[in-house]
Every structure is written in structure tokens, then in C-alpha cells.
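Beneath this line is the structure, given in C-alpha cells, with notes to follow.
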Amino acid sequence: MTGPGEVVPNLALLIAAIILQACSTLPLLFRRSALSQKISASLMVLASMIGTTGAVRSLTDPAAHSLLLDWSLPFGPAEIGIDPLSALFLLPIFIITGCSALYGVGYWPAQKHPHTVTRLTFFLGLLAASLTTVVMARNAILFLIAWEMMALGSFFSLTTDDKHEEVRDAGILYLITTHLGTLVLFALFSLLSINGSFLFPAAASLSALHPLANAIFITALIGFGVKAGMMPLHVWLPSAHASAPSHISAIMSGVVLKMGIYGMVRVFSFFAQVPLWWGATILVLGMISGVVGVAFALGQHDLKRLLAYHSIENIGIILMGMGVALIGQATGSQAMMLLGMAGCLLHVLNHALFKALLFLGAGSVIHAVGTREIDLMGGVGRRLPLTASLFLAGSVAICGLPPLNGFVSEIMVYLGCFRGVAFSNGSAVGLTALAVPALALVGGLAVACFVKVYGTVFLGIPRTEEHSGGHEAPGNMLVPMGVLAGFCAVIGLAPWLVAPLLAGAVAGWHPSLANSTAALTSLVPFNWISLLSTSLTLCILVGTWVIVRRTSGNEHSTAPTWGCGYLRPTPRMQYTATSFAEMLVKYFRDLLRPQEYSPEITGIFPAPTRYSSHITEVVLEGLYLPFLEYLYRKTAPFRRLQHGRLHLYILYILVTLVVLLVVTVNS
Amino acid sequence: MPDTLLHIVLIVVMPPLLLGVIAKTKAAFAGRTGAPFLQPYYDLSRLLRKGTVTSDTTTLIFRSGPVITLAATLFAALLVPLGKHAAPVSFEGDMILFAYLFALGRFFTTLAALDTGSSFEGMGAAREVSFACLAEPTLFFALITMTRLSGTLSLTPMLNYLSPSVWMGTGAALLLLLAGLYIVLLAENCRIPFDDPTTHLELTMIHEVMVLDHSGPYFGCILYGAALKLYLLGALFMNIALPLTSGNSVADWGLFILSMLILAVSIGIVESVMARLRLIRIPQLLIAAMILTAFSFVLVVR
């Protein structure tokens, strides 16, 4: 810990990045032109590069550095700091915001959107700067200010297209839920600062026997769980991610959700020892989010809504890792702590990379074909070959398949669970044992879902005439996707590169795990994964090249797809995404409650007819809305206090102040 | 070293023989002579020499799908011990990679099917991924049972831990486990009662219908990959079912080959005496398998 006023280089780099991010919109404020937009994006990319340097340096530096800002606000001084745990969360922030800003130049060009480009760029910069500040805040007040700015920044950037009612609705829903979450956070930080100081406690400085420990756990779980999109607090997430411009969806899904995870890990790091039920609760919530999230994703027809539900699934996997780590902490298993938390943190980074890649790819596709409806697309891969191959990389990665990065983090979580099964006793065995098949089920369903998406969108032939156009995305949209895919490949093929970074970050969560690079390398077979993944990739490339060459002579011809004897096939006969998922949706019918419309077919020559099925946000519409409706009716008398007359509102404030004055003077 | 070499030779050479034995068994039940044992080898060599007809709606995915699936299966073959020998590659967590390599293969097989735009192949792909979702948890339940039993996190020590004396102690749990695994073995390899590998022109087929448009060397890759997958899951099953060892390495190889042939005959018998299930019954059987393996875990932990 450095003293106040002394700035170490890492901290200076990160503060410079925050300032650059916040100021990136200035060129557009002076002059609204394509050039200004490019300069703005370059400033964001520059901020990302500076910030990534600072973050990587801090990850390899086990010490924590902080800077005390003595400001005149109440609740004491503000502290901004950096330690390896924060640095790990900074990596996705910088990578994703930089890539998204660059993508935005092609996706939301100033010429086409002259009225919204300044607003979008401004709030994108504000969002990036507040995200960085959230992770670096070391006291409650600064944290909450940055948290609120992050919420508003995402609200305004997600409602950029506010001409559409669904976008406005999604924005309002987001605004309400995020503030409910923030309310719980106020409670959390009041509990944490019970001893008078609003600075964060040091890692492992609180005891779980602390009388308020359980209250702190529950408020953290709810307050941060809303932001993370944990089931059943996820209701704001699907519509918000679907309605935002695609590069904003990438940031929201890739980074903003992770702030909820950051908050949980940070708060849990204050405790030296935790009870078993904390880990058990998180593990079970993770399993629910994972399985139910992917089940909902299977039933979606809207490309971006589908990806949004996959975010819930991946938050589930991240929470499972965290749960395994906490169970390890409660049962005294160092290996489970290390595997669970390293898996959780690596999946945070991995999910940010591949989900941002997929959202950006989805943006290019939607841009090209002019619809978000999967069942109207088809054959996009022939028109957008580069986007298609990048989207394929993202799909393989998100399914957790080798040889890409998703596999590395999932195998860590699996190994943590398997260790729990093999070596622990009591209820920890049952919990970790259930997590293994749950994770397998999530993996299987994710494969099904992404086969459906990729197959329906990119393969086959166009299903409708009007959405059969479009062309490849321009370079400034392809480059960010390429960068993200490159990171996915590097982490998948050379996972030993991230081992020291993860070991550093894990030590930030619990000091007993300091210097655990060697332990992590011995627990996770990084070298074998690296060797096998690399040779598998080479085998596939060589094999494909050989067989394609081998079958390119004269005796090899092309013909229409074989229609089993039927001579007039049409594009509409292709299997749709809805039919592809129909069987799996049926298995989960009781959960998803699909609304189906299937007319009866009568007569020998039935008239043309159509079938449709739709899956709504069941938790929101079946649980929360009826409850709120009830609350609304029951609280009608109180609404008389809220009448819109300003002078009476000021009277309320005066009365409150006088009452408070009397109370404090008397005591 | 000789063991590793023999392992590689066996996984390259032996898988199609299982198909031949199964076909011969079925022929015997039907009172026919049947095709020779080596027929699958002739088929493969013919396919590799043949020309191809490719659908004109397809992309590179269609052509690389069979290769990726075969490569993934071959890598998975390095991780399974054959009999009481160590696998060439063994590390903590290799069982997860084993399962996920099959998932990678499935991902690309089904994508290649969708690449043709044919509704038949789409149907097959949908069924394949749906049933796999139910089969995968069963495999992992079996793996955690074995992990708990042996206290190890890798396939080789896990499977080599079993011996007749372990069977005496935990026979009930292992029987349930084997029942679940056998069902998964049949389902994953698209055998009767889940799928009928001998026809592909019916709306009820799964695997065969996905590969309708593949021909020549592509189809050869698929056929060989499918045989290899049967061989690997079969080896996993037989390692648990018959954990016999003679103490002599060469005799153990003989025992292993014999046990694989027994497995092939047993599959042939199942295919001869059973009819294919109706499609809606398949999930029920798979869930039953999952519950059996879950019970076996409960018995082991108890």
C-alpha cells in the first residue's frame, strides 16, 4: 500500500485511461462529422491500450496501490486503487469498450445517424469511464457514484433508438430494476460501514461470525445479482440487450453484467472464513441460471434476445465457479478455492470476449439482412463469409468446446467440482456432484442452441426474398471482431499464458492463495490442453485441406441437395430454428410455457395455414408483474401524497429537515 | 512404449471390425450367412476411392464437418485406456476433454447437415442434439461415480482401479452404472432401439439421415468416425464391466480384444431381439438411464 499523494505508474496509466474515456466524445461536441467520430473512437482505443497495459502490469504485481482523494463531500475521503483482482476485471472493460468504440464507427456512422451519434458516443465514453471507476473505487461513496453513472450511461446508450416503443420499454424496465438493485446496495454498504468508516475493509479482515455477516451476504447477493442478471433477478436483461445498438449490447453483456460478479467477489473477499451455506446458495443459483438461461435461449427467435439469454447461462457458469470456491473456503480445500475462483474469473474474461464477438457479429448480420428474426434469415454465410467464420469461432467458444477459450474456464470449474466429489465429505459432496451433470446439461443445450443459430442464420439458402440481400461488413467492423476472436484463440491454444494472471487475481480474493501460480499449473493441465488443442487445430486444417484437394477433380461434381426424390424443393422447406428447437422446448415445457398457435387441419385439401410458437419472459410476466399489480392496487391511498404540486413537495422537504433537526439536537 | 504403439494400432485398425461382428450376429439371428466380417473395411476403401457429389448450397462447413468430427474422435481415442493398460495421454481432467471432444464432433456433424438446407437433415440434426443433451449428464454421472469410487481425476487410474474385489464391494452401484452406460452407448452410437443404422429413408432416423448428402471420402470419414466412437465408448464400458487382468501385458491385450468382440456380439443380440422404439419413447429411456447412474452415485457415497 502506498501512501496518499504518491502515484505509482500503474495507477497513473489507469487514471489517464479513465480521463481519456470520459473525454473521448469532445471532438464530436465541437464538430459533428465522420472525422470527429473517428477521432473519438481512436481516443477510446488509445484509452484501452493504455489501460490494458496498466491492468496487465498490475496483475503481475501482487501489491495493492491506492490513492486517497480528500474531497469535501460527506462520508469521508474517496479512495481509488488497484490490485490484481480489480485489474482482472479491467481487462474485459478495456478490451470490449475499445473494440466496441471502433465497431461503432462502421455500425453507427455519423452521416447516417446525425442526431444520435453525439449522444451515443458521449454515453459510451461515460459508460466506459464509470466502469473503470467502479472497479477501482475503494470506498462506498465513490463506488456508488460510479455505479449510478454506469447505470445511467447504459440506460442512455441502450435507448439511443428511442423512437421505438419496445426500446423505451426495455430502457424503463432496466432503469427500474437497476435502481432497485442500487437500493439494496445502499443497505449493503451501510451494513459494511457499521464501524464508521466508508472505506472498503481489507481482504480477509472480517469474520463470518460477525453478527451482520449473513445480512451482508444476502444484500450483496441481491444487489449485485440484479446487475449480473442472476436468475430470478434477470428480468431486465433480455429486452435491454435485444434493444440496444449491437456494440452497446456487447458492452452490457460482456462487461456491465460482470460488475455484479465483481461486486460479489469483492464483498466476499472481505471475509476470512465463510459458512458453507453461502457457497451452496451461490452454486445452486448458478446451476439454475445456467440451465434455465440456456433453456430460454433455445426458444428464442430474435437473434439478440437469444444471445442475451446466453449471458444468463454464462453468468450461471461463473456463479458455479464462485460457489465451488466458497464451498472450498468453507471446507478448507485450497484446491477447490483455487480452481473455482480461477475458473470463475477466467470465465468472466472469456465470456466478455466471445459474447462481445457474437453481439458484434449479430450486429453485422442484422445490418446486412435487415431483420433480427432468425427464421427469416438463411445462407448469410455465403454473403458475409468473414463475419460468418468469426461468428463460428464465437459459437465454438461459447459452447465451451475445445480448442477455444470457453473450454479452459469450464474445465477449471469442472475440476473444482470433481475435486469436491472425490475428496470432500458431507454435504459438499452432494452439492458439487450435482453441479457436474448440471454443467454437462448446460453444455449440451448450448451446443444445440448454437447449432440452431449458426445453421439457420449462416447456412442453407435465404428463406425469404426480402432478407436475401446484404454484403460483407466493412473493415472497421471486422477488425474488432477479429481481435476478439484472436484473444479467444490465444487463451484456448495457450492457456498457460493466463495462469500467472489468474493466480494474481485469485490472491486478491483471498490472501491465503498468494503465489499460487505453481499450484494452479499443477491442478489444471494447461500444458496438455495447449498441446492437444494446438495439434487438434493443425490436424483439422491439414485434414480439410487434404480432403478438399482430393475431391476437386473431374469425377467430383455438384448437384442440388438431395430431396429424397422430391423434385421441386423450395427454400421454405428448410428446417427452421423453431422446428429445430421444438423437441427441446417441449422437454422444458413446464418451465418455458411456450405460447403456441397451431390451427387444426381439416378436409382433404386444407387451406394454407400457419403455426407459431412464442416464449415470453415467464418470470417477469408470470411472477413480478402480477405482484406489482397487486402492490399498485393496495398502495393506492399513499399515492395521494404524490400529486405533482411542486410547492407542496418543497414543504415535505422542509418538514423532514425540521424533524431531523429536532431529533438530532435533542440527542 | 510397445503398449502405446499397440493402442494406436488398435484404434486405427479395429473399429470397423465391430461393425462387421454386429452385422454377422444379426445375420446369424435371422438365419442368413451375412456379409463377411471384413465387409466394413471393403466399404471404407471403396468410399475413399469414389468420386463425390456435393450439394450446391453448401459451404466449407459441409466439407470440413466430417474431418473435424473424425479428428476430434481420434484425439479422444488417445485418452481412453484399452483394457488394463495406460492410455497414451493421461492427465487430471482428461475425462472432461474426452466428453467435450465428442461434443465438438457433434457440433460440426450437425452443422454440416444443416448446411445442405434439406429438411430431412435438419430433422436428424435436431434429434441428434436433443438426445445428446439427455445422454451427456448420464455420462458425467457415471464419471463422478467413478471419481468418488477411485479417488482419482483421470480416466486411466479411474478405470484401472476397478477389479473383481471392487466389484464384490460395490456390485450394486456398478450394475446400475453399467445399465445407464449401456443405454448411453447405444444412444450415442445410434443403434437399435434408438436408431436403425441400416436404413436412412425414414422420417424417424437420426444419424444416417444427417449424412444423406455426404458421399465418397467424406462419407468414408463419417463411417470410420462412427465406428471409432462406438469402439471408444465400448472400451469405456468394457473396462468397467470386465475389469479382469492376467498380470501379463500381452495376455491383457488379448483379453481386451476378446471383450470388445463380446460387446459387439451383445449389441448384435440387442439389435436382433428388439424393435426400434417410437421416437417419443427415446427421451424417457434416456432419462431412465440418467436416474440409474444417479442412483449408482448415491450408493457409492452412502
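Quantities reported herein were computed from a predicted structural model and do not represent experimental measurements. Reminder, nothing fancy here: chain letters follow the sequence lines and each chain counts from 1.
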Shortest non-hydrogen contact between [X] and [Y], atoms and distance:
X: B:F140; Y: A:A440; result: CD1-CB, 3.3 Å
X: B:R63; Y: A:T551; result: NH1-OG1, 3.5 Å
X: B:C133; Y: A:L441; result: O-CD1, 3.3 Å
X: B:I144; Y: A:V421; result: O-CG1, 3.8 Å
X: B:L114; Y: A:G455; result: CD1-CA, 3.7 Å
X: B:L101; Y: A:P402; result: CD2-CG, 4.0 Å

Next on the checklist: Among A:F450, A:Y587, A:W545, which residue has the highest count of heavy-atom pairs closer than 4.5 Å to chain B?
Outcome noted: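 With the most close heavy-atom pairs to chain B, the winner is A:Y587.
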
Checklist outcome for this item: In terms of heavy-atom pairs under 4.5 Å with chain B, the winner among A:G444, A:G378, A:A438, A:P525 is A:P525

Need one label for [X]: side chain, backbone, both or neither, based on atoms under 4.5 Å from any heavy atom in chain A.
X: B:F62; result: neither
X: B:I61; result: side chain
X: B:A125; result: both
X: B:D115; result: both
X: B:T69; result: neither

Is any side-chain heavy atom of [X] closer than 4.5 Å to a side-chain heavy atom of [Y]?
X: A:L392; Y: B:F108; value: yes
X: B:S119; Y: A:Q574; value: no
X: A:V546; Y: B:V67; value: no

What distance separates [X] [atom1] from [Y] [atom2], expressed to the nearest 0.5 Å?
X: B:I68; Y: A:T544; atom1: CD1; atom2: OG1; answer: 5.5 Å
X: B:F91; Y: A:L532; atom1: CZ; atom2: CG; answer: 5.5 Å
X: B:M95; Y: A:F418; atom1: CE; atom2: CZ; answer: 4.0 Å

Item to check | Check: B:F107 ring centroid to A:Y454 ring centroid under 6.0 Å | outcome: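 Centroid separation for B:F107 and A:Y454: 6.0 Å or greater.
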
Report which part of [X] has an atom under 4.5 Å of a heavy atom belonging to chain B: side chain, backbone, both, or neither.
X: A:I461; value: side chain
X: A:F407; value: side chain
X: A:R419; value: both

Next on the checklist: When you compare the side chains of A:Y575 and B:E121, does any donor N or O come within less than 3.5 Å of an acceptor on the partner?
Outcome noted: no

Checklist entry - By number, which residues in residues 152-161 of chain B have some heavy atom less than 4.5 Å away from chain A? => result B:L153

Checklist entry - By number, which residues in residues 45-60 of chain B have some heavy atom less than 4.5 Å away from chain A? => result B:L48, B:R49, B:K50, B:G51, B:T52, B:V53, B:T54, B:S55, B:D56, B:T57, B:T58, B:T59, B:L60

